[in-house]
Amino acid sequence: MNGRTVLERFPAGGPRGSWPAEEFAHARRLEGLPAEVVMDLATDMFLVIVRGEGAGVTAGRAAPCATLRQ
């Protein structure tokens with residue numbers, strides 16, 4: 001199964017020079033999760049996601065992504 005899990009959501013209109021989604025994803029990668037940032041156009045949000053079989057292994061914040069389109 002090619003699942004995706006959303007770890008966190010960030011509004012696209014953040015303060016200038018601020019990259020909270022990228023910073024969050026970087027911190028997760030340092031913890032060993034293959035986190036990446038994608039844009040969900042339907043909600044105008046940046047999503048930090050983990051793809052694949054191990055996607056459900058998170059700190060309890062994750063929810064399955066039903067709106068992610070690529």
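Keep in mind the model is a prediction, meaning the values are calculated, not measured.
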What I'd like to find out is whether the side chain of V6 reaches to under 4.5 Å of the side chain of D40, using heavy atoms alone. no
Partners of A27 by side-chain contact (heavy atoms from CB on, under 4.5 Å), sequence neighbours excluded? none
Given V50, I49, L47, the one that forms side chain to side chain contact (heavy atoms under 4.5 Å, CB included) with E36: I49
Hydrophobic cluster identity match, F46 and L41, side-chain contacts under 4.5 Å: yes
Which pair of heavy atoms, one from A25 and one from A35, lies closest together, and at what distance? O-CB, 3.9 Å
Smallest heavy-atom separation, A21 atom then V48 atom, equals O-CG2, 3.5 Å
Rounded to the nearest 0.5 angstrom, the CZ-CD distance for R28 and E23 is 11.5 Å
Sole residue of R51, M45, R4 in side chain to side chain contact (heavy atoms under 4.5 Å, CB included) with V38: R51
Taking only residues two or more places apart in sequence or in another chain, which ones pass ring-ring contact (aromatic ring centres under 6.0 Å, His included) with F10? F24
